[in-house]
Amino acid sequence: MDGITAVAYLIAALLFIFGIRRLRSPDTARSGNTLSAFGMIIAVITTLLSFEIVNPIEVFIAIAIGAVIGAVAAQRVQMTDMPQMVAAFNGVGGGAAALVAVIEFYRIQELGAESEGAFITTTILLGVLIGCVSFAGSVIAFSKLQDLFLTGSVSFPLQTVVNAVLFLGVVALSINVIAGGPAPLLSVGIIFGASLLLGILLVVPIGGADMPIVISLLNACTGLAAAMSGFALSNDVLIISGSLVGASGTILTRLMSSSLGRPLGKIIFGAVGATSSKSKGDEEEKPVHSVGADDVAAALKYDADKIIFVPGYGLAVAQAQNLMAELASTLESQGKDVKFAIHPVAGRMPGHMNVLLAEADVSYDKLYDMEDINKEFPETDAVVVVGANDVVNPAANDKTQDSPISGMPVLNVEEARQVIFVKRSLSPGFAGVDNPLFYDEEKTMMLFADAKQGLQDVVAGVKNA
Amino acid sequence: MDGITAVAYLIAALLFIFGIRRLRSPDTARSGNTLSAFGMIIAVITTLLSFEIVNPIEVFIAIAIGAVIGAVAAQRVQMTDMPQMVAAFNGVGGGAAALVAVIEFYRIQELGAESEGAFITTTILLGVLIGCVSFAGSVIAFSKLQDLFLTGSVSFPLQTVVNAVLFLGVVALSINVIAGGPAPLLSVGIIFGASLLLGILLVVPIGGADMPIVISLLNACTGLAAAMSGFALSNDVLIISGSLVGASGTILTRLMSSSLGRPLGKIIFGAVGATSSKSKGDEEEKPVHSVGADDVAAALKYDADKIIFVPGYGLAVAQAQNLMAELASTLESQGKDVKFAIHPVAGRMPGHMNVLLAEADVSYDKLYDMEDINKEFPETDAVVVVGANDVVNPAANDKTQDSPISGMPVLNVEEARQVIFVKRSLSPGFAGVDNPLFYDEEKTMMLFADAKQGLQDVVAGVKNA
Amino acid sequence: MNSELLGELTIFILAIVIGFELISRVPTLLHTPLMSATNAIHGIVLVGAIIAVGAEGGNAFIRIVGLIAVVFGTINIVGGFWVTNRMLDMFRAGNRPRRKQG
Amino acid sequence: MNSELLGELTIFILAIVIGFELISRVPTLLHTPLMSATNAIHGIVLVGAIIAVGAEGGNAFIRIVGLIAVVFGTINIVGGFWVTNRMLDMFRAGNRPRRKQG
Ligand SMILES: NC(=O)c1ccc[n+]([C@@H]2O[C@H](COP(=O)([O-])OP(=O)(O)OC[C@H]3O[C@@H](n4cnc5c(N)ncnc54)[C@H](OP(=O)(O)O)[C@@H]3O)[C@@H](O)[C@H]2O)c1
Ligand SMILES: NC(=O)c1ccc[n+]([C@@H]2O[C@H](COP(=O)([O-])OP(=O)(O)OC[C@H]3O[C@@H](n4cnc5c(N)ncnc54)[C@H](OP(=O)(O)O)[C@@H]3O)[C@@H](O)[C@H]2O)c1
C-alpha cells in the first residue's frame, strides 16, 4: 500500500468520524450522513484504483448489482418498515464480512498464501463467527419485524444449553484451527454453519418489541467483524471504520435500551415469551365504555380546557396525522390548551411520531417529551390517545406482572381526568399486552374506529356541535 | 520493539486517556490523576527494562535528580504560586522534547545513523522549534507570574516584523536542512537559538493577566513537540500521549480563553499594553467614601437583609477566609440571606476561591457561579467585596475603552443597593485597571484595611453592636 | 507479532476509544438515523471484498464467494446511506424551528 | 514513506481526534488541574530522552544533552503529577457535598 492510498484511507476514516459526530444533533445530522457517504466513495474509489484487480469487469458488475438492489430497496421502503430495512442492510454487511474472512482463510490454507500466525488466524475466525451471527440474526430480526415467520417471542426447551453447546463447539474448533490441528477447512466450514445457527437461535426467543435494540447490537457486531477482516487484509481503513462502528454501536445500543427501559441482559437472556399475555379469551367479556364520535366531540368541546393528544403507531398506519393536527388547531381556536405527548418509542422507530406530526405541520413547540409531559397529566382534563396502546399501558408499571413491557416508562395518561381512545378494537399493540385502562368505564371512553375516519368525525363534531 | 513493550506502551497510553477523561468531573478528578501517573510509571519502567541502555547508572542518577527537584518544587510551592509552577514544569518538558530532537538529528547527521528521509527530518525540526518556543515562552511566563522580570505587558517597536523575520528564518533554514543543503548541524543550532528567541518575543508582550491561557497554549505545544520526537524514535507511546496533550490542550486553551472572555487571537496578536492604564496620578484626587469597620458592621446588621460576599485574590493573600466564613454565619444567625459569588477567575487560578472557602468550611450550596448570581444583584442590599478588584470592575463592560480586562464578563455588583470594599488601598488589581466603582460615593463604602484585620473588626462589630 | 501488526492493534484500540467517546448523549429522535448511518459505514467491508476477490491467484471458489461479498457490501453501503438520508429528510419536513424537542 | 511511518501517522491523527473529543465541557474549577495533569503527561518525553541517551554509539555531546533531557523530563513528570495532586487535594478540603458548583 503506497502513501497516497494510506492517506486517502485515513481521510475516509476521518470523514466517518466527523460524520458520526454530526449525527449527534438534529441540525447537523444530514450533513453528517453526507460526509460519511463521501468518505465511503473515497475509500471505494481508492481501493479500485490502487489495487491491481484481476477481474475488474466482474467486480464492477457486482457493484452495480448491489447498488441497484440497495437503492431500490431503500427508496421503496415504507417509513414504517425502515427498521427491518436497516436489519436487512446490516445482515448483508455481516455476511460480506464473514465471506471475506472465509476467503482469506482459504487463501492461507489452500493456496498457501503467507500466513501471519495465530493472531491473524484468530481475527479471521472472529470475523467468521461474528459476521455469521450478525447475518443470521439480522435475517431473523427482519422476518420478525416484517411479520414473515418466527414472529413474537419464540421459546424452545433448553435454549440456553443448546446455545452454550454451539458456542463451545465453535470455540473448540477454533482452537483446533489456530493450533494448526487437522482438517482446518472443514473446521471453518463447520464454524461458519454453527455461527449461522447460533445467530438464529440467539434472536429467535426475543420478542419483536425489542428488535430495534437487537438490530443495533448486531450493527455493532458487524462493525467488529469488518474490523477483524481488516486485520487479515492488513487494511487500516477497515480496522478503523469497523471498530468505530463496533464501539459507537455498542454505546448506541445501551442508549436505546435505557430509553426503552429494557436492560440489555434481560433482552438477550430473559426470553420473556414463556407467559404469553395475549389471552384473547376474557377480553370481550369485560365491559367497556364505548362511545360515538359525537360524544367525543362534545366531551372535548364542552368539558375540557386542557387537552393532550397521544399519537401512536395506529395514527401512522391510518395516515391520520393531518386530521389530528386539524382537530388540535380547531380546539385551540376555541381557546383550549392543546399539547402533544411524544413517547420515545411510540410508533415503530424512534422519532416516528415527530416525523409524522412534522409532516402535518404541527409546531415543534407543542410536542413534549415523556419526561416533560408526565407531570402535566394530573392537571389535564382529557387525553386523546389515537392508535397507541403500549406507550400508555399502565400495566408497564405493574411490578407484580412480568410482561414484555414491564419496566418500560410510559405516559401516565391514567392520571388525567378523562381518557379517550381512538382505535379499531380492543386488540393490544405491538407487545401484545392488554391494557387495563380500556376497562375503566369511569375514566375511559373507547371510540372504536379507524383513526382517519374516527378523527374526521370528531373534527366535524367539534366544528358543528 | 517487541510485543510486550508495545502492549505495555499501549496500556500506558490508554491510562492517560482514561485519566484525562476522569479529570473532567470533580468527583473523579483525583482518580484520573492517579491513573495517569500510573500509566507514566508503566511507560518509564517498560522503557528502562526493554531498551538496552548503555549508561544505566547515569540515567538513574539523572532521574533521581529530576525526581527530587520536581517533588520538592511541587511540595513547597504556595497555592497562589501554582500557575507559575505549572509553567515551569511545562518549560522543562518542552526543553526535554527539543533536546531529544537535537540528539536524534545529531545521530543521523554526525554519527551516520540511518535516516528515514524528509518526513522524519521535518518532525525533528518541528520538535526543535516547538520545544524551544515552549521552553522559552514558559520561562517568560514563569518570570511574569513570579514578578521576576519583564512583568506586565512589555511592547517593543516592530515586534510583529521581528517575529515574522525570525520565523521565516527558521523556515528557510529548515528547508535547507530537509533538502540536504550545506551545514545542517549549524542550521539546526541556529534554528534552536532562533526558536528560543521567538518563544521569548512571543510571550513578552502579553500581560500577566493572560498568562494562564498562554501557559495552557504552551502546554499544548509541548505535547505536540513530544509527539514529534515520537516520530523520530518511532515510538507509539510518545506519539499518542503527545498528540493527546496537544489536542486536549488546544481545546482547554479555548475553553479557558472563552471563560475569561479573552479571545486567543487578541491575546497573542493584540499586545494590549501600549496604553498603560496604571495612571496613579489622578487616583488620589478623586474623593471616596472611606468608612470604619463599625460603619460596615452597622450597615450590614441594620440596613441589609440580602447580602452577597465577593472574595478575591486579597482574601487569599490575607488568609482571611475563616473570618469571612465567620462573618457570613454570624449574619445568617441573625436571619439574613447570605450568598457567596464566585467569579471564574477570581484569585490567581481557576477554582482558587472555591478551594479557599472550602478550607473555611463554607458549604458549597452557598457558592454561586457568576451566571447564576448576576441576576440577583439588583435585589441585593449589600455586596461585600473582599480583596477583589478586576472581577467586579464595571470598566470591563465599558466598550469605549480598550483595557486588559475589556470584554471579560464580571460580577455586576454595581447593581446592588450598596457595595462595600475591604482592601488596603485604592490600588488596582492584577490587570492594573482602575475601578470607577471606588469613586461612587453614593453607593460605595471603602474599608481600607488588610482583609484579615478588617473582617475581624467587622465581625466584632456585628456581634456587639 | 510483528511491528506492523502491533501498529494495527494500536489503531484498532484507538478507534474503539473514539467510537466510545463519540456517542454520549444523542436525542432519541436520532437513534434510528445514527444506527442506520453507522450501519452504512460498516459497509466499508466492501473494500475488503474487492481486495479479496481481486487479488492474484484466486480460483472459482474465491471468485464466487468474493463477488457475493462485493454485492452484499455494496447493498449495505448504498442502501444504508440512502435509507438514512430518507429518514433525515423526513425530519426536515414541516416547520421545525431550530433546536427544540429531541 | 514506508508503511510503519504511515501507521504512525494514522496513530497520530487518531490520538488527536481523541484529544479533541475528550475535552468538551469541563467546569472552570477543573481547568487548572486539567492543564496541570496534561502538562505532566507530556513528561512522557522522558521515555524519548532515556532511549536517546541510552542507545549505543553515543558520544559526550549526546550524553550531556541527553542527561539534561532526562532530568528535565523527570522534573516535568514528578512535579506535574505532584502539583496536580496537591491542587485536587485542596478541593477535597471542607465539606463539599456531591456535585454542585462548577
Ligand atoms: N419506536 C420504536 O423504535 C419502536 C420500534 C419497534 C417496536 N416498537 C414498539 O412499538 C410499540 C409502540 O407503541 P404504540 O403505543 O405506538 O403502538 P402499539 O402499542 O403497537 O399500538 C398500536 C395500536 O394502534 C391501533 N391501530 C392500528 N391500526 C389502526 C388504525 N388504522 N386506526 C386506529 N388504530 C389503529 C391498534 O389497535 P387496533 O388494532 O385495535 O386498532 C394498536 O393497539 C411499543 O411496544 C414499542 O416498544 C417501537
Ligand atoms: N483565576 C485565574 O485563573 C487567574 C490566573 C491569573 C490571573 N488572574 C487574574 O487575576 C485577577 C483576579 O481578580 P481579583 O478581583 O480576584 O483580584 P485583583 O483584581 O487582582 O485584585 C486583588 C485586590 O486585592 C487587594 N489585596 C491584596 N492584598 C490584600 C490584603 N492583604 N488584604 C486586603 N486586600 C488585599 C488588592 O488591593 P490593595 O492592594 O488595595 O489591598 C487588589 O486590588 C483577574 O484579573 C484575573 O484575570 C486570574
Side-chain angles (χ1 to χ4, degrees), chain A residues 16 20 23-24 26 29-30 33 36-37 40 43 47 51 53-54 62-63 65-67 69-71 73-74 85-86 89-90 92-93 95-97 99-100 103 216 219 222-223 226 229 233 238-241 243-245 247-249 251-252 256 259 344 349-351 354-355 358-359 361 364 367, chain C residues 1 8 11-12 15-16 18-20 22-23 26 28-39 41-45 47-52 54 56-57 62 65-85 88 90 93-97 100-102:
Chain A
F16 294 152
I20 295 179
L23 272 154
R24 296 185 300 197
R30 282 178 55 79
N33 191 49
S36 306
M40 190 59 80
T47 308
F51 289 85
I53 294 163
V54 294
I63 290 180
I65 294 175
I69 297 177
M85 205 73 253
V86 174
F89 294 146
N90 181 57
V92 289
L99 295 181
V100 171
I103 293 178
S216 177
N219 178 38
T222 307
S229 63
L233 294 164
L238 277 175
I239 297 178
I240 300 175
S241 322
S243 45
L244 203 61
V245 173
S248 60
I251 302 287
L252 184 59
M256 286 174 99
S259 91
M349 61 175 205
N354 303 68
V355 167
E359 281 181 7
D361 271 344
Y364 262 59
L367 308 190
Chain C
M1 282 212 246
E8 285 169 2
I11 290 171
F12 175 67
I16 285 184
I18 295 178
F20 281 142
L22 224 43
I23 311 288
V26 180
T28 336
L29 183 65
L30 287 177
H31 284 181
T32 308
L34 191 55
M35 171 165 85
S36 182
T38 55
N39 175 38
I41 290 174
H42 63 50
I44 190 74
V45 73
V47 165
I50 294 174
I51 297 173
E56 297 265 328
I62 289 184
V65 174
L67 288 175
I68 295 176
V70 171
V71 174
F72 275 12
T74 315
I75 294 178
N76 188 174
I77 293 173
V78 175
F81 283 116
W82 196 301
V83 91
T84 311
N85 207 49
L88 294 170
M90 295 189 302
N95 53 350
R96 195 158 92 66
K100 171 72 231 291
Q101 218 295 321

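Order of the sequence lines sets the chain letters (A, B, ...), proteins ahead of strands, with each chain counted from 1. Quick note: numbers below take in every heavy atom, side chains included, and nothing from hydrogens, waters or symmetry partners.
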- Heavy atoms only, distances under 4.5 angstrom: which of A:P344, A:A29, A:A67 has the most pairs with chain C? Name it, please. A:A67
- Note on the structure: Ranked by heavy-atom pairs below 4.5 Å to chain C, first place among A:N219, A:V100, A:V245 goes to A:N219
- Task: Could you tell me which of C:I18, C:I51, C:I77, C:I11 has the largest number of non-hydrogen atom pairs under 4.5 Å with chain A?
- Result: C:I51
- Using the test side chain to side chain donor-acceptor pair (under 3.5 Å), find all partners of A:S229 that sit at least two apart in sequence or belong to another chain. none
- Query: Counting only N and O atoms by type, is there a donor-acceptor contact under 3.5 Å from the side chain of A:N33 to the main-chain atoms of C:A37?
  - Reply: no
- Side chain, backbone, both or neither of A:S248 within contact of chain C (heavy atoms, under 4.5 Å): both
- Do you know which of A:A247, A:G223, A:A71 has the most heavy-atom pairs with chain C at a distance under 4.5 angstrom? A:A247
- Message: I'd like to know which of A:V92, A:L244, A:L99, A:L23 tops the heavy-atom pair count under 4.5 Å against chain C.
- Response: A:V92
- Leading residue by heavy atom contact count with chain C [cutoff under 4.5 Å; candidates A:A43, A:A97, A:G249, A:S241]: A:S241
- Residues forming a side chain to side chain contact (heavy atoms under 4.5 Å, CB included) with C:A15, sequence neighbours excluded: A:I240, A:S243
- Would you say the side chain of C:L67 lies within less than 4.5 Å of the side chain of C:V71, judging by non-hydrogen atoms? no
- Query: Which of the residues C:V70, C:I41, C:V65 is involved in the greatest number of heavy-atom pairs with chain A at under 4.5 angstrom?
  - Reply: C:I41
- Using modelled atom types only, decide if a donor and an acceptor are shared between the side chain of C:N76 and the backbone of C:N39 within a distance under 3.5 Å. yes
- Stepwise side chain to side chain contact (heavy atoms under 4.5 Å, CB included) check, C:L30 with A:R24: CA-CA 7 Å; C:L30 287 177; A:R24 296 185 300 197; 5.8 Å; no
